Structure formats: structure tokens, C-alpha cells
Number of protein chains: 2
Amino acid sequence: MKKRPQKRLDYEKELRRAGVRITRPRRTILGILSQTEDHPDALEIFRRAVAVDPSISLSTVYRTMKLLGDMGAIHRHAFEGGPSRFEHASGEHHDHLIDIETGDVIEFKSDRIEQLQDEIAKSLGYDIVHHRLELYGRKRRAG
Amino acid sequence: MKKRPQKRLDYEKELRRAGVRITRPRRTILGILSQTEDHPDALEIFRRAVAVDPSISLSTVYRTMKLLGDMGAIHRHAFEGGPSRFEHASGEHHDHLIDIETGDVIEFKSDRIEQLQDEIAKSLGYDIVHHRLELYGRKRRAG
DNA sequence: ATTTCTGCAAAGCTTTTGCACCACA
DNA sequence: TGTGGTGCAAAAGCTTTGCAGAAAT
């Protein structure tokens, strides 16, 4: 029952603050991202955008995702065997379980795992800058 | 102080058993993999192979890696921001810490993390087929 | 003698980029 | 009105593939 009302306005504010122009294609893409609860790839975002504004280009989608990624407003995930997929960066950090049959993505979080990761890195003499934890699985059937 | 003596012979046996021909380029590539303790990408394997047999092609490297991967003899890792890198599949499962400055890869293993992953997947109604855990970090400087 | 494999070149797929025009501030 | 953004097409980077000739069994 999560609500993500008018996330687009937040994006716009952030963008303006960063000194970037709010153009028609950008507004369209932000609108789509604000309604997005899944993890679409660039082509899928492009398709959804074209439905709103047929003149939009895939380049602009990529450029906008790059822009938002650099600002930290979205995350890009390069899951196995496919193009990068995006999600908004609102909310807390989490990792992903990918359904290898459907491509569905389930988010999860484990403080314990994060803590263990830190310990491991430290013991190896490293500080973690970021990490990637992806579980690829198959839905267990009842019975 | 690990030793990996004559790993090539094992590969060859496996390949013959699988009904594949041991050709000159394959023997060359297997020889290189057997001496490899790092995580080279296809181009790097190609370079090392060319030093032994200048007539080898990059396609053959890719095809051989695919073959060995399908047989489970090597693992392919798609670390962030670069081409896939390979390692032989001998030895036990482990995860990777990637030095974001040098690209160096350090292997580590945590039974506790594996166990937590299983629990998480189960609680979400999934069985894990495989997973990917990569820590991207920077060497902590003394002091 | 077959069947598999190879090198080469071309194509595939995702993502980035050069450029001339367009539009936001 | 000037700078930044856009669409288009081309290119880049990695990997796969079609094909005709070569080599392993």
C-alpha cells in the first residue's frame, strides 16, 4: 500500500536546483518515472514516453537517465543477461531478488548482510564504496 | 601458496568426455586458463593466446569461453563497467571484492551470508538458482 | 571421410556521441 | 537571445554469428 504521490515535482525541484532545464521530453520522462513501481529498461521507458509524446527519442531517454543517475535520483541496475533497468532512488537501500522466469524484481533488505559485508571488506583492508547483491531464483511451487 | 598443477589436463578430459574435439586453439586457450590466477577478460585471454599462437582469433576465444562456461568449467563475471571476466570453476564457491581503483579482484566467502540469502529467498517464496555478491571498494590507507 | 571447428567479416545489442536545429529561461 | 537540450544517425564497445575453408577423429 505504498503511495508515491507526485514524485515528479520532487524530481523537477531537484533538477532546477541543479540548474538543468525542464523541457518537454524531460517532463514526460519524469512523469513516467513517477508512476513507475517496477524496474523498466531504457527501451521500456522510451515506449511509455512515446505513448505520451511521440516525438521523444531514445537518446533523450538515455541522456535523462544518465542525468538523474548522476544526481542520485535514480538507480541503474545491470542485472544478468539484459539491458540496464532503472528505479527511483527514493526510499532506503535494498537489494534485489530476480525471478529468472518472469524477470520480476523483488526488493529486500538485510541489515545483517550489510554488516557482514562491511566486516569482510574491513578484514581485507578495504572500504566498501558500493555493492551489488542479486539473488536469481525461481518461485517455489506450493506443495 | 595455492598450486594448480596441470589443470589443463583436467579440462581436456572433461572436453573429450563431452565429445568435443581438442584443437590447437583450444589447447592453447586451456593452457592459458590453467596458468591463470587472475580474472582476465576475453581480450586479455586473446592477447595471451596470440603470444603462443598468433593465428588464433578472438571469436574462438569467445566460443571457447562459452563452451567451458556451459560445461561449468569456468565462471563468467560481468563486473560493473567493463567486459565479462573469467575464472576457472575449480575450488569452492566464493564472492568478489573489486578494487575500484585497480580492477583487482579479491575472492572471499561467507557461509553466514549465504545462509541469510537462503533464508531471505525462502521467506519470499523463492529458491535461489544462483546469486551475485560483489563488493566494490577502495583500499584503506594505513593510518 | 565426416563432422566439427576456425578465422574472418559482418551483424547484433545496448549505450553513447557529433551535429545542426530547436526551445527553454 | 544565448545556452543547453533534442532528434537523428552514426559510432562505439562487447559479443555473437554466417560462411567457406581447415582440421580433428
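Chain letters run A, B, ... following the sequence lines, proteins first, then strands; residues in each count from 1. Just so it is clear, the model here is predicted, and its values are computed rather than measured.
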Practice task
Calculate, to the nearest 0.5 Å, the distance between atoms CD1 and CG belonging to B:Ile106 and B:Asp95 respectively.
Solution key: 13.5 Å
Handout entry: Angle between terminal axes - the helix from C:dA1-D:dT25 to C:dA25-D:dT1, 5 pairs each end, rounded to 10°
Key = 30°
Completion exercise
Nucleotide by nucleotide, nucleotides 16-25 of chain C touches protein heavy atoms under 4.0 Å in the pattern (B base, S sugar-phosphate only, - none) BBB----BBS
Handout entry: Whole angstrom value for the distance that separates P of C:dC5 from CD1 of B:Ile56
Key = 15 Å
Handout entry: Euclidean distance, atom CG of residue B:Asp53 to atom C1' of C:dG7 [Å, nearest integer]
Key = 11 Å
Completion exercise
Closest heavy-atom pair, B:Leu58 versus B:Ala42, reported as atoms and distance to 0.1 Å, is CD1-O, 4.0 Å
Exercise for the section: Mind calculating the distance between CG (A:Leu68) and P (D:dG5) to the nearest angstrom? Expected result: 12 Å
Exercise for the section: Under 4.0 Å from any atom of DNA chain C, heavy atoms only: list the residues of residues 38-52 of chain B that qualify, in numerical order. Expected result: none
Handout entry: Results of side-chain contact (heavy atoms from CB on, under 4.5 Å) for B:Pro40 - residues two or more places apart only
Key = B:Thr36, B:Asp38, B:Glu44, B:Ile45, B:Arg48
Practice task
Under the side-chain contact (heavy atoms from CB on, under 4.5 Å) rule, collect the residues that match up with B:Val105, sequence neighbours excluded.
Solution key: B:His39, B:Phe79, B:Arg85, B:His96, B:Ile98
Exercise for the section: Ignoring backbone atoms, test whether A:Thr60 places a side-chain nitrogen or oxygen under 4.0 Å from the OP1 or OP2 oxygen of D:dG7. Expected result: yes
Exercise for the section: Could you tell me whether the phosphate oxygens of C:dT6, OP1 or OP2, come under 4.0 Å of any side-chain nitrogen or oxygen in B:Arg26? Expected result: yes
Handout entry: Of all pairs that satisfy ring pair (Phe, Tyr, Trp, His ring centres under 6.0 Å), the ones with a partner from residues 112-136 of chain B, not counting sequence neighbours
Key = A:His130-B:Tyr136, A:Tyr136-B:His130, B:His93-B:His131
Problem - Position toward the 5' end of DNA chain D (nearest nucleotide), A:Val61 or B:Gly82 - result: A:Val61
Handout entry: D:dT6 phosphate, OP1 or OP2, under 4.0 Å from A:Ser55 side-chain N/O
Key = no
